[in-house]
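Read through the structure below, which is laid out as C-alpha cells, and then see the notes.
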Amino acid sequence: MLYVGLTGNIASGKSEAARRFAELGATVVDADVLAREAVAAGTPAYDRVVARWGREILLPDGSLDREALRHVVFADKAQLDELNAIVHPSVNRLRRKMVA
C-alpha cells in the first residue's frame with residue numbers, strides 16, 4: 001500500500017490535491033478532521049483538555065471553543081506542548097484505525 005502525505009502552506013492546494021486523490025479512489029485521512037474528532041465532547045481527550053484548561057474554553061453547547069483555547073496555548077509553548085501531548089495520541093489512534 002502506498003501512503004502519501006500532503007503538506008504545505010495555507011492555500012497551497014492540499015485540499016484540492018486530496019479531493020483529486022479521493023476522486024481516483026484513494027482513502028484520504030485528514031489530520032485536521034481527526035484532530036476535531038479527537039477532542040469532540042465525550043472523548044477522553046476532550047475530558048483531559050477541559051480538566052486542564054477549564055470550562056472557560058467551552059462554547060455554550062459544550063463543545064470546545066477552539067479560538068479561546070488557541071489564544072491560551074499559542075501564547076505559552078509549555079501549554080501548547082501539553083495540548084499536543086493530549087491530542088496527538090488520539091489523532092494517531094484515529095489515523096491508525098482509518099488506515100487499517
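Across A35 and R66, no two heavy atoms sit closer than the pair O-NH1, 4.4 Å. Taking all atoms of both residues into account, the shortest heavy-atom contact from A38 to A45 is O-CB, 3.2 Å.
To the nearest 0.5 angstrom, D65 atom CG is 12.5 Å from R55 atom CZ. In this structure, N84 CG and Q79 CD are separated by 12.0 Å, a value rounded to the nearest 0.5 Å. Atom-to-atom distance recorded for E82:CD and R48:CZ is 9.5 Å, nearest 0.5 angstrom. Atom CD of residue E67 and atom CD1 of residue I57 lie 13.0 Å apart, to the nearest 0.5 angstrom. Rounded to the nearest 0.5 Å, atoms CG (L34) and NZ (K97) are 11.0 Å apart. Rounding to the nearest 0.5 angstrom, the gap separating the CD1 atom in I86 from the CG atom in D47 is 10.5 Å.
Under the 4.5 Å side-chain criterion, counting only non-hydrogen atoms from C-beta, Y46 is in contact with L58.
V33 is not connected to V28 by any chain of hydrophobic side-chain contacts under 4.5 Å among Ile, Leu, Val, Met, Phe, Trp and Tyr, and they are in different clusters. Residues L69 and L59 fall into different hydrophobic clusters, defined by Ile, Leu, Val, Met, Phe, Trp and Tyr side chains chained together at heavy-atom separations under 4.5 Å. The hydrophobic clustering, which links ILVMFWY residues whose side-chain heavy atoms are closer than 4.5 Å, places V39 and M98 together.
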| message | Please evaluate residues D81 and K77 with respect to the criterion salt bridge (charged side-chain N to carboxylate O under 4.0 Å, His left out), reporting the C-alpha separation (whole Å), side-chain torsions for both, the decisive distance (0.1 Å), and the verdict. | response | CA-CA 6 Å; D81 290 344; K77 183 177 178 339; 2.9 Å; yes
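Within a 6.0 Å radius of CZ in R20, no more than 12 heavy atoms belonging to other residues, nucleotides or ligands are found.
A donor-acceptor distance shorter than 3.5 angstrom exists from the side chain of K14 to the backbone of G8, with no hydrogens or angles considered.
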